[in-house]
Amino acid sequence: MKNIIVGLGEILWDVFPERKILGGAPANFAYHISQFGFNGYAVSAIGKDLLGKEILDSLKQKGLNHLIESTDFPTGEVKVSVDNWGVPQYKICEGVAWDNIPFTPALASLAKETQVVCFGSLAQRNEVSRATIHAFLDAMPKDSLKIFDINLRLHYYTKEVIEFSLEKAHILKINDEEVVKIAQLFGWEGTEKEICKQLLSKYQLDILILTKGTEGSWVLTPKEESFLPTPKITIADTVGAGDSFTAAFIASHLHGRCLVASHQLAVEVSAYVCQQHGAMPRLADAHLELFK
């Protein structure tokens with residue numbers, strides 16, 4: 001039970017025109033963090049249907065620990081189309097299993113043993129999963145680490161959910177489009193970086209990670225800053241790249257590496273994932289052997 005790191009929220013099938021691929025940001029994060037040798041857990045819910053069975057089979061095949069409840073709601077699907085630049089567009093089905101994750105005794109027990117959790121705003125769009133996420137965060141040990149990967153999708157977020165999550169979080173992961181939405185939602189003005197520094201200060205965050213697609217990424221703390229450009233690569237698709245970035249950064253951070261070294265690894269890993277199809281590819285041997 002040592003080094004348990006949980007991805008809490010949606011698990012689903014990303015359905016492309018030609019194939020379907022297991023996804024959901026928290027599950028992607030859990031898979032990638034497990035590749036770095038941590039005890040990663042995907043926590044979510046599925047339906048009592050073929051798609052749900054296929055999720056369990058896929059997780060077993062990938063060797064990913066999970067606490068996935070079966071519900072009377074259908075397994076989640078997201079229809080994904082990818083534009084000419086490899087950037088995905090999403091159509092997210094509603095009223096699905098991951099909207100209705102129950103807070104079971106088993107989940108309460110897992111929360112008490114969890115060192116790190118990564119959660120987002122999407123799985124909080126429904127009151128059932130939102131209550132479960134809140135209960136899980138409250139049940140975690142006092143010295144645990146909470147990562148809010150804000151993950152704003154379509155209209156599935158509210159100011160109330162975002163503020164609650166920011167108040168609970170130690171680390172915020174956000175992209176440049178989401179910074180604009182947050183500024184509008186909160187009525188803030190200023191540059192992208194100024195908005196990020198305001199978030200860092202107002203919510204007493206330890207770390208803020210800002211990804212800017214092909215332009216690069218920032219990692220900010222109250223005392224340090226790191227900017228790195230995005231490598232020029234041939235993109236297969238960008239699905240799950242941000243989740244692999246977060247996982248690589250956290251893995252390095254937990255191993256005690258400095259901010260810049262952790263940032264560098266995150267950039268390298270996410271660039272590698274962008275060159276693969278799907279959100280959960282096996283990482284390169286050079287990355288996997290880093291902490292052995």
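Between Phe148 and Ile171, the closest side-chain pair of non-hydrogen atoms is not below 4.5 Å. By the 4.5 Å heavy-atom criterion applied to side chains, Ile92 and Arg125 are counted as neighbours. With a 4.5 Å cut-off on side-chain heavy atoms, Gln115 and Leu145 do not count as touching. Between His255 and Phe36 the shortest side-chain heavy-atom distance does not fall below 4.5 Å. Counting only heavy atoms from C-beta outward, the side chains of Val117 and Leu137 approach each other to under 4.5 Å. For the pair Ile207 and His170, the minimum side-chain heavy-atom distance is 4.5 Å or more. At a threshold of 4.5 Å between non-hydrogen side-chain atoms, the residues Leu56 and Ile68 count as touching. Using a 4.5 Å heavy-atom threshold, the side chains of Leu22 and Ile11 count as touching.
Listed for the Thr211 side chain is no donor-acceptor partner under 3.5 Å among the backbone atoms of Gly213. Between the His32 side chain and the Ala30 main chain, no donor and acceptor come within less than 3.5 Å of each other. Side chain of Ser44 to main chain of Gly9: a donor-acceptor pair is present (N/O by atom type, distance under 3.5 Å, no hydrogens or angles). Here the side chain of Glu194 pairs a donor or acceptor atom with the backbone of Thr191 at under 3.5 angstrom. Between the side chain of Thr71 and the main chain of Phe73, a donor-acceptor pair closer than 3.5 Å is present. At distances below 3.5 Å, not a single donor-acceptor pair connects side-chain atoms of Asp138 with backbone N or O atoms of Ala135. Side-chain N or O atoms of Ser270 include none that pairs as donor or acceptor with a backbone N or O of Ser244 at under 3.5 Å. Panel note: side chain Ser129, backbone Asn126; no donor-acceptor pair is recorded below 3.5 Å. The closest donor-acceptor contact from the side chain of Trp13 to the backbone of Leu51 lies under 3.5 Å. Between the side chain of Ser252 and the backbone N or O of Ala248, no donor-acceptor pair lies under 3.5 Å.
Taking hydrophobic clusters as Ile, Leu, Val, Met, Phe, Trp and Tyr residues chained together by side-chain heavy-atom distances below 4.5 Å, Leu110 does not share a cluster with Ile46. Note on Trp98 and Leu64: separate hydrophobic clusters, where clusters join Ile, Leu, Val, Met, Phe, Trp and Tyr whose side-chain heavy atoms are under 4.5 Å apart, directly or indirectly. Val180 and Leu172 fall into different hydrophobic clusters, where Ile, Leu, Val, Met, Phe, Trp and Tyr are joined by side-chain heavy atoms under 4.5 Å apart, directly or via other members. In the hydrophobic clustering of ILVMFWY residues, with side-chain heavy atoms under 4.5 Å counting as a link, Val128 and Leu12 come out apart. If you chain together hydrophobic residues whose side chains sit under 4.5 Å apart, Ile195 and Leu152 fall into the same group.
Look at Lys20 and Glu54 and you find a salt bridge, because one of the NZ, NE, NH1 or NH2 atoms lies within 4.0 Å of a carboxylate O, short of that distance. For the pair Lys53 and Asp49, the salt-bridge criterion is not met [side-chain N within less than 4.0 Å of a carboxylate O]. Ion pairing of Lys197 with Glu225 is present here, as a side-chain N (NZ or NE/NH1/NH2) and a carboxylate O approach within less than 4.0 Å. For the pair Lys79 and Asp14, the salt-bridge criterion is not met [side-chain N within less than 4.0 Å of a carboxylate O].
Note that OG of Ser165 and CD of Glu160 are 10.0 Å apart. Values are rounded to the nearest 0.5 Å. With values rounded to the nearest 0.5 angstrom, Lys146 atom NZ is found 13.0 Å from Glu167 atom CD. Atom CD1 in Ile4 sits 12.0 Å away from atom OG in Ser144 (nearest 0.5 Å). To the nearest 0.5 Å, the span separating CD1 on Ile150 from CD1 on Ile209 amounts to 13.0 Å. Rounded to the nearest 0.5 Å, atoms CG (Asn3) and CG (Asn39) are 7.5 Å apart. Residue Glu189 holds its CD atom at 11.5 Å from CD of Gln184, rounded to the nearest 0.5 Å.
The closest side-chain donor-acceptor pair between Asn151 and Ser121, if any, does not fall under 3.5 angstrom. Under 3.5 Å, the side chains of Ser226 and His263 contain a donor-acceptor pair of N or O atoms. No hydrogens or angles considered: nothing links the side chains of Tyr156 and Gln124 as a donor-acceptor pair under 3.5 Å. Using a 3.5 Å distance cut-off with no hydrogens or angles, the side chains of Asn28 and Asp243 do pair a donor with an acceptor.
Contact between Val179 and Cys196 at its shortest, heavy atoms only, is CG2-SG, 3.9 Å. In plain terms, the two heavy atoms of Lys159 and Leu185 that are nearest each other are CA-CD2, 3.7 Å. The two residues Glu177 and Asn175 have their closest heavy-atom pair at N-OD1, 3.1 Å. Across Pro102 and Thr132, no two heavy atoms sit closer than the pair C-OG1, 3.6 Å. Scanning all heavy atoms of the two residues, the minimum distance from Leu205 to Leu166 falls at CD2-O, 4.1 Å. Considering all non-hydrogen atoms of both residues, Asp206 and Pro222 come closest at O-CD, 3.4 Å.
Heavy atoms of other residues, nucleotides or ligands lying less than 6.0 angstrom from CD of Glu289 number more than 12. Few gaps surround CD on Glu163; more than 12 heavy atoms of other groups in view lie less than 6.0 Å from it. Summarising the local packing, CG of Asp72 is surrounded by 12 or fewer heavy atoms from other residues, nucleotides or ligands at distances under 6.0 Å.
Trp188 and Phe186 have perpendicular rings, their planes meeting at more than 60° on a 0 to 90° scale where under 30° would count as parallel. Ring-plane geometry between His287 and Tyr272 is classed as perpendicular, the angle between the planes exceeding 60 degrees on a 0 to 90 degree scale with a lower cut at 30.
For the pair Lys193 and Trp218, the cation-pi test (distance below 6.0 Å, angle within 45°) is passed. Geometrically, Lys62 engages Tyr31 in a cation-pi contact defined by less than 6.0 Å to the ring centre and at most 45° from the axis.
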Please walk me through it: do Leu8 and Cys118 pass side-chain contact (heavy atoms from CB on, under 4.5 Å)? CA-CA 6 Å; Leu8 172 60; Cys118 184; over 6 Å; no
Using the rule given for side-chain contact (heavy atoms from CB on, under 4.5 Å), can you reason through Phe119 versus Asp149, listing the C-alpha separation, both sets of side-chain angles and the distance that settles it, and then say yes or no? CA-CA 6 Å; Phe119 68 103; Asp149 181 356; over 6 Å; no
Please evaluate residues Ile250 and Phe38 with respect to the criterion side-chain contact (heavy atoms from CB on, under 4.5 Å), reporting the C-alpha separation (whole Å), side-chain torsions for both, the decisive distance (0.1 Å), and the verdict. CA-CA 11 Å; Ile250 294 302; Phe38 290 91; over 6 Å; no
Yes or no on side-chain contact (heavy atoms from CB on, under 4.5 Å) for Ile174 and Leu208, after CA distance, side-chain angles and deciding distance? CA-CA 8 Å; Ile174 193 167; Leu208 185 148; 4.1 Å; yes
